[in-house]
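Worksheet for the structure shown next.
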Amino acid sequence: FLLGTSGSVPLPDSLASVTAGLALRHVFNDRWTLLSSVTPGLHNADGRFSSDGFGVDVFALASYRVSDTLTVGAGFAYDSLAESLPVLPVAGLRWAFATDWSLDLAFPRTSVAWTYTERLTLRAQIDFDTGSFHVADDPRPGAPGQPSLRDTILDYTAISASLGADYALTE
C-alpha cells in the first residue's frame with residue numbers, strides 16, 4: 001500500500017505484506033459448509049521486512065444454504081498484530097435474485113455480479129479492508145508535538161468501491 005498523506009501526518013510512505021495461507025473448505029451436508037483459513041506472514045512499513053512484523057490472520061465462516069438461491073453465513077476474522085480491532089465479525093448472505101444475477105450482501109464485502117457467459121462474470125463491489133503493520137523507524141523523528149512511531153503497530157483501514165471481472169481460462 002502506498003499512503004498518500006499530507007505533510008503534517010507522520011505516517012510511513014508505504015506498507016507491505018508477504019503471506020502464505022492455508023485454506024480449508026469442508027462440506028458437512030447439502031446445507032452446511034465451513035470455510036476457514038490460517039495465514040501467517042510479515043507485515044511491515046517502508047518495505048523492510050523483519051520478524052517484528054510477524055502476524056497470523058485466522059478466518060472462519062459457517063454458511064447455511066436456505067434454498068437454491070439463498071445462502072447465509074456468519075463467522076469471524078482475527079489479526080494477531082491488530083491493536084484496535086483484532087477480531088472482526090463476518091456476516092452476510094448470497095442471493096441469486098434473477099437468472100445470471102447475484103447479490104452478496106455482507107461485511108466485509110458487498111457486491112452485485114452478472115454472469116455474462118459461463119466464463120465471464122462482471123461485478124461491482126464495496127470492500128472494507130483492514131491490516132496491521134509493524135513500523136520499525138519513526139517516519140518523522142523529532143517532529144514537534146508528535147509522539148514517536150518507532151517500534152509501533154499501525155492499524156490500516158480502507159473502504160473502497162470497484163468494478164471487476166472474473167474470466168475462467170478453462171472450464
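Quick note: residue numbers are just sequence positions, from 1. A quick note: this is a predicted structure, and the numbers were derived from the prediction, not measured. Side chains included, hydrogens not; waters and symmetry mates left out as well; all remaining heavy atoms used.
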Over 12 non-hydrogen atoms of neighbours within 6.0 angstrom of [atom1] in [X]:
X	atom1	answer
Y116	OH	no
R119	CZ	yes
R94	CZ	no

Gap separating the [atom1] atom of [X] from the [atom2] atom of [Y], nearest 0.5 angstrom:
X	Y	atom1	atom2	answer
L70	S102	CG	OG	12.0 Å
T110	L105	OG1	CG	5.0 Å
D46	S14	CG	OG	4.5 Å
S162	I126	OG	CD1	9.0 Å
L11	L149	CG	CG	7.0 Å
L163	L122	CG	CG	9.0 Å

Ignoring hydrogens, what is the shortest heavy-atom contact between [X] and [Y]? Give both atom names and the distance.
X	Y	answer
R150	A136	CG-O, 3.2 Å
V90	P108	CG1-CD, 4.1 Å
A16	F49	O-CE2, 3.6 Å
D79	S132	OD2-OG, 3.1 Å

Run the side-chain donor-acceptor check on residues 35-45: report pairs under 3.5 Å with partners two or more places apart or on a different chain.
{"from": "H43", "atom 1": "ND1", "to": "S17", "atom 2": "OG", "distance (Å)": "2.7"}
{"from": "N44", "atom 1": "OD1", "to": "S50", "atom 2": "N", "distance (Å)": "3.4"}
{"from": "N44", "atom 1": "ND2", "to": "S50", "atom 2": "OG", "distance (Å)": "3.4"}

Side-chain heavy atoms nearer than 4.5 Å, only ILVMFWY residues, links allowed to pass through others: does that put [X] and [Y] together?
X	Y	answer
W32	V27	no
Y78	L85	no
I159	F107	yes
L93	Y64	yes
V58	V87	yes

Do the side chains of [Y] and [X] get nearer than 4.5 Å, heavy atoms only?
X	Y	answer
V66	V72	yes
F76	L88	no
L81	H134	no

Is there a donor-acceptor pair under 3.5 Å between the side chain of [X] and the backbone N or O of [Y]?
X	Y	result
D127	D129	no
R109	F128	no
D155	E83	yes
N29	R31	yes

Could you go through D104 and R123, starting from their C-alpha distance and side-chain angles, then the distance that decides it, and tell me whether this counts as salt bridge (charged side-chain N to carboxylate O under 4.0 Å, His left out)? CA-CA 10 Å; D104 286 338; R123 75 183 71 254; 5.2 Å; no

Could you check whether the rings of F133 and Y156 sit parallel, tilted or perpendicular, using 30° and 60° as the cut-offs? perpendicular

Can you classify the ring geometry of F97 versus W95 as parallel (below 30°), tilted (30 to 60°) or perpendicular (above 60°)? tilted

Going by atom types alone, do D166 and T121 pair a side-chain donor with an acceptor below 3.5 Å? no

